[in-house]
Amino acid sequence: MNHQVDEADVVFTAIRAQGAGGQNVNKVSNAVHLRFDIRASRLSDELKNRLLHWPDQRISKDGVIIIKAQSSRSLEANRYEALQRLQALIDQVAHRPKARRATKPSWGSQQTRMDKKNQRGAIKSQRGKVRID
């Protein structure tokens, strides 16, 4: 099931990116803080609960996901990257791995295994000192 993030639940804040300054810093040093309140979002209750208990440093104790994106020079590209990271986190939490069930080896595979063991044992029993009668 696909759990799409609604942009109405997301708050973006434009900030200055970290790194070296220079004459061009005010034009191109754009970063974005994305804030996503889990409890106030439109996600299902089960997914909210799993998100709140997920061990991730981006999730605060108040239940707010904070993602900082600053890899691009463009503010829009950083917004898009932050949204993609949020969606990836939610998809990761929403994925439930299939429960493993113990299986038994089939009768045929057991017989094959025993035959191979007997063949190997026969080869090994032929080794040793040669006796001349």
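All values below come from the heavy atoms of this structure, side chains included, with hydrogens, waters and symmetry mates left out.
More than 12 heavy atoms of other shown residues, nucleotides or ligands fall within 6.0 angstrom of atom CZ in Arg50.
Rounded to the nearest 0.5 angstrom, Arg113 CZ and Asn118 CG are separated by 10.5 Å. Once rounded to the nearest 0.5 Å, the distance linking CD1 of Ile66 with CZ of Arg35 reads 4.0 Å. Between the CG atom of Asp37 and the NZ atom of Lys48 there is a distance of 9.0 Å, given to the nearest 0.5 Å. With values rounded to the nearest 0.5 angstrom, Asn30 atom CG is found 12.0 Å from Arg79 atom CZ.
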Please set out all donor-acceptor pairs under 3.5 angstrom arising from side-chain atoms of residues 94-104, sequence neighbours excluded.
unit_1: Arg96; atom_1: NE; unit_2: Glu46; atom_2: OE2; d: 3.2
unit_1: Arg96; atom_1: NH2; unit_2: Glu46; atom_2: OE2; d: 3.1

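Looking at Asp62, its side chain never comes within 3.5 Å of a backbone N or O of Val64 through a donor-acceptor pair.
Listed by chain and number, the hydrophobic cluster partners of Ile65 are Val5, Val10, Phe12, Val32, Leu34, Phe36, Ile38, Leu43, Leu47, Leu51, Leu52, Trp54, Ile59, Ile67, Leu75, Leu83, Leu86, Leu89, Ile90, Val93, where partners are ILVMFWY side chains within reach of under 4.5 Å, directly or through others.
Contact detail for Ala8 and Arg42: the closest heavy-atom pair is CB-NH1, 3.3 Å. Scanning both residues, Ala31 and Gln70, for their nearest heavy atoms gives CB-CB, 3.6 Å. Minimum interatomic distance between Ala122 and Ser125 (heavy atoms only, all atoms of both residues): O-OG, 2.8 Å. Residues Glu81 and Ser71 approach most closely at OE1-OG, 2.5 Å, considering heavy atoms. When all heavy atoms of Arg85 and Ala69 are compared, the closest pair comes out as NH2-CA, 3.4 Å.
Side chain to side chain, Asp115 and Gln119 fail the donor-acceptor criterion of an N or O pair below 3.5 Å.
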